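Please read the structure below before turning to the comments.
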Protein chains: 2
Amino acid sequence: MTLSEEDYIKAIYHLSEFNSKSVATNAIAEQMKTKPSSVTDMIKKLAEKSLVNYKKYQGVSLSEKGRLVALSIIRKHRLWEVFLVDKLNFSWDEVHVVAEQLEHIKSDALIDKLDAHLGFPKVDPHGDPIPNKDGVFTKSVKKLISELPVGSQGACVGVNDSSAAFLKFLDKNKIALGDTFKILEIEEFDGSVTISTRSGSIRISKQIATNLFLEIVDEE
Amino acid sequence: MTLSEEDYIKAIYHLSEFNSKSVATNAIAEQMKTKPSSVTDMIKKLAEKSLVNYKKYQGVSLSEKGRLVALSIIRKHRLWEVFLVDKLNFSWDEVHVVAEQLEHIKSDALIDKLDAHLGFPKVDPHGDPIPNKDGVFTKSVKKLISELPVGSQGACVGVNDSSAAFLKFLDKNKIALGDTFKILEIEEFDGSVTISTRSGSIRISKQIATNLFLEIVDEE
DNA sequence: ACAATTTTTTAGATTTGTCTAAAATTATAT
DNA sequence: ATATAATTTTAGACAAATCTAAAAAATTGT
Ligand SMILES: [Mn+2]
Ligand SMILES: [Mn+2]
Ligand SMILES: [Mn+2]
Ligand SMILES: [Mn+2]
């Protein structure tokens, strides 16, 4: 698999991660920052290799084979992110671009030993789950703060908007991955939410609440 | 710089590391496992970018700019090798192929933090020196066992032949990087050398002696 | 229903890195 | 010195990944 093929496979995976429908050519082009015609060319190649299901004008979806390829790249990406944060002291808003390169290094031994070195982590620095060798991962029961009722509590495990701007905003407001929050009050007027933290309670805007994931403890 | 350009620059560096003359097209082709015509094409591109000095039919040599590029890639290669051995418990005969990929990851912050994480190592697992950010490295005063007189002693810091076969042979014979050896006797008949080790004295063949470097302590 | 718009695909070029076959140049041997 | 051999370069082709412009198909609005 070439680096480019891997990035396309990963893009298709992420675009169909939640809705599960087939993915549009234009959507892939936008994600990959390329032109729709280039996407069509690549889709044909991936279809040729049985990595995607493709019918002209009908969009594309990953085959089972393609899904496993996607998960192995995501596994590598997220393990490298853990390494960068835990071992090299990167902050969690800096790691994505570097992991984007490291995910393409080809060595099974390397990724096994890296996994062991990191203590077999289950989530990456953004709270996203790390698939195992066979592409299996515990579907996280994380929910956006804005989706939760008063009284809910859980660990902050991830962000929806992973832009550097948002991640920096969180750092500035002393909101860090792993912190436990409890929802104290939801303001109907503007959707802002009061949450309790270790250092007291703070009020966050609706926009923040729709971009922060909590892993809920009292949910099966 | 593309991955391919970087590998060519590194190949030219290594081929002119000791003799300092210009490097032949065929030599590069052999090193890069490609055809001479491909080498000529690449040389033209590198010359265009002022990374090499090139006159048709006269071979090629690195410009100062090219030399610095080579050293920055070698720095990355060797730091990654240290990481793989020290942190991930690879053995020293396994790391080269993986480092060959990792050396192309582009991130100044990454390599700085990796360097710090490793404790600013001066040599890689094969005893080869690691250039600093500016391409400066302490020229090692290492010599082959076969070049040393009786009575010399020093730490084993590297190998000439870095083939997996040779490195495995060393492991089997309990010869490891960092071990201190003293030359007890040189057999004129076959060039074999008797050396003292922690666990007693052993005799090594001339072929071994011409492939093991010692860092001599009593030399300035 | 069907014209207008949007999406997707095709056709034809371009860049990068490679190849084979042939020509040009340099080195070697008698 | 000059024929022979080896090395190096050129010419022309190809696969991968991209692009622009144009054609084809699907979607949308009235
Ligand atoms: Mn990537
Ligand atoms: Mn992540
Ligand atoms: Mn390389
Ligand atoms: Mn090395």
Side-chain angles (χ1 to χ4, degrees), chain A residues 1-16 19 21-63 66 69-70 73 100-101 103-106, chain B residues 1-16 19 21-63 66 69-70 73 100-101 103-106:
Chain A
M1 298 231 35
T2 69
L3 187 148
S4 199
E5 287 173 341
E6 290 186 348
D7 279 340
Y8 272 97
I9 289 283
K10 201 169 57 125
I12 295 167
Y13 178 90
H14 281 131
L15 287 167
S16 55
N19 62 22
K21 288 177 226 160
S22 74
V23 179
T25 302
N26 270 2
I28 299 170
E30 196 182 347
Q31 177 94 357
M32 296 290 296
K33 287 170 184 165
T34 184
K35 304 293 168 184
S37 55
S38 305
V39 174
T40 302
D41 286 346
M42 180 57 85
I43 286 173
K44 283 182 190 167
K45 201 199 309 182
L46 297 176
E48 196 65 41
K49 296 186 176 184
S50 303
L51 291 161
V52 297
N53 308 117
Y54 172 57
K55 263 189 293 191
K56 267 193 200 180
Y57 294 101
Q58 301 307 127
V60 75
S61 65
L62 290 181
S63 68
V69 169
I73 301 162
E100 204 57 46
Q101 296 179 63
E103 69 190 359
H104 303 288
I105 302 290
K106 279 155 191 65
Chain B
M1 297 233 37
T2 68
L3 188 148
S4 199
E5 286 173 342
E6 290 187 347
D7 279 341
Y8 272 97
I9 290 283
K10 203 171 56 129
I12 295 168
Y13 178 90
H14 281 130
L15 288 168
S16 55
N19 61 22
K21 289 178 224 159
S22 74
V23 180
T25 301
N26 270 2
I28 299 171
E30 195 182 347
Q31 177 93 358
M32 296 290 297
K33 286 170 185 165
T34 184
K35 302 295 170 186
S37 55
S38 305
V39 174
T40 301
D41 287 346
M42 179 56 84
I43 286 173
K44 282 182 188 167
K45 200 201 306 183
L46 297 176
E48 197 64 41
K49 297 187 176 185
S50 303
L51 292 161
V52 297
N53 309 117
Y54 172 57
K55 264 190 291 191
K56 267 192 198 178
Y57 294 101
Q58 301 306 129
V60 76
S61 65
L62 290 181
S63 68
V69 169
I73 302 162
E100 202 59 47
Q101 296 179 64
E103 70 190 358
H104 302 288
I105 302 291
K106 277 154 192 65

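Residue numbers start from 1 in every chain, and the chains themselves are labelled A, B, ... in the order their sequence lines are given, proteins ahead of strands. Values below: every heavy atom of this structure, side chains too, minus hydrogens, waters and symmetry copies. This one's a predicted model, so the numbers in the text were calculated from it and none came from an experiment.
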Start with the C-alpha distance between B:His104 and A:His104, add both sets of side-chain angles, then the distance that settles side chain to side chain contact (heavy atoms under 4.5 Å, CB included), and finish with yes or no. CA-CA 11 Å; B:His104 302 288; A:His104 303 288; over 6 Å; no
Could you tell me if the side chain of A:Asp7 sits less than 4.5 Å from the side chain of A:Glu100, heavy atoms only?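 Yes; the side chains approach each other to less than 4.5 Å.
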Is the shortest heavy-atom distance from the side chain of B:Lys10 to the side chain of B:His14 under 4.5 Å?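 Side-chain contact under 4.5 Å: yes.
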Once you round it to whole Å, what is the distance between [atom2] of [N] and [atom1] of [X]?
X: A:Ile43; N: D:dT18; atom1: CD1; atom2: C1'; value: 15 Å
X: A:Lys49; N: D:dA16; atom1: NZ; atom2: P; value: 8 Å
X: B:Tyr54; N: D:dT10; atom1: OH; atom2: P; value: 6 Å
X: B:Lys35; N: D:dG12; atom1: NZ; atom2: C1'; value: 18 Å
X: A:Leu3; N: D:dA16; atom1: CG; atom2: C1'; value: 13 Å
X: A:Leu46; N: D:dA16; atom1: CG; atom2: P; value: 12 Å
X: B:Glu5; N: C:dT15; atom1: CD; atom2: P; value: 15 Å
X: A:Met32; N: D:dC19; atom1: CE; atom2: P; value: 10 Å

B:Ile28 pairs by side chain to side chain contact (heavy atoms under 4.5 Å, CB included) with which of B:Thr34, B:Val60, B:Thr40?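 The passing option is B:Val60.
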Between [options], which one does the side chain of [X] approach most closely?
X: A:Tyr57; options: C:dC19, C:dT8, D:dT9; value: C:dT8
X: A:Asn26; options: C:dT7, C:dT18, C:dT26; value: C:dT7
X: B:Thr40; options: C:dT18, D:dT18, D:dT8; value: D:dT8
X: A:Met42; options: C:dT26, D:dT18, C:dT16; value: D:dT18

Can you see if the side chain of [X] gets near the phosphate of [N] - specifically, an N or O under 4.0 Å from OP1 or OP2?
X: B:Ser38; N: C:dT18; value: no
X: A:Ser37; N: C:dT10; value: no
X: A:Lys56; N: D:dA26; value: no

Considering residues, nucleotides and ligands other than A:Glu30, do more than 12 of their heavy atoms fall under 6.0 Å from its CD?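 No - once you tally the heavy atoms of other residues, nucleotides and ligands closer than 6.0 Å, there are 12 at most.
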Pairwise 5' ranking along DNA chain D for B:Lys44 and A:Asp41, keeping only the more 5' one: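 Per heavy-atom nearest nucleotide, the more 5' residue is B:Lys44.
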Using a 4.0 Å heavy-atom cut-off across all strands, classify B:Ser4 as base, sugar-phosphate, or nothing.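 Contact class for B:Ser4: sugar-phosphate only.
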Under 4.0 angstrom, heavy atoms only, what part of the nucleic acid is B:Thr25 near: base, sugar-phosphate, or nothing? sugar-phosphate
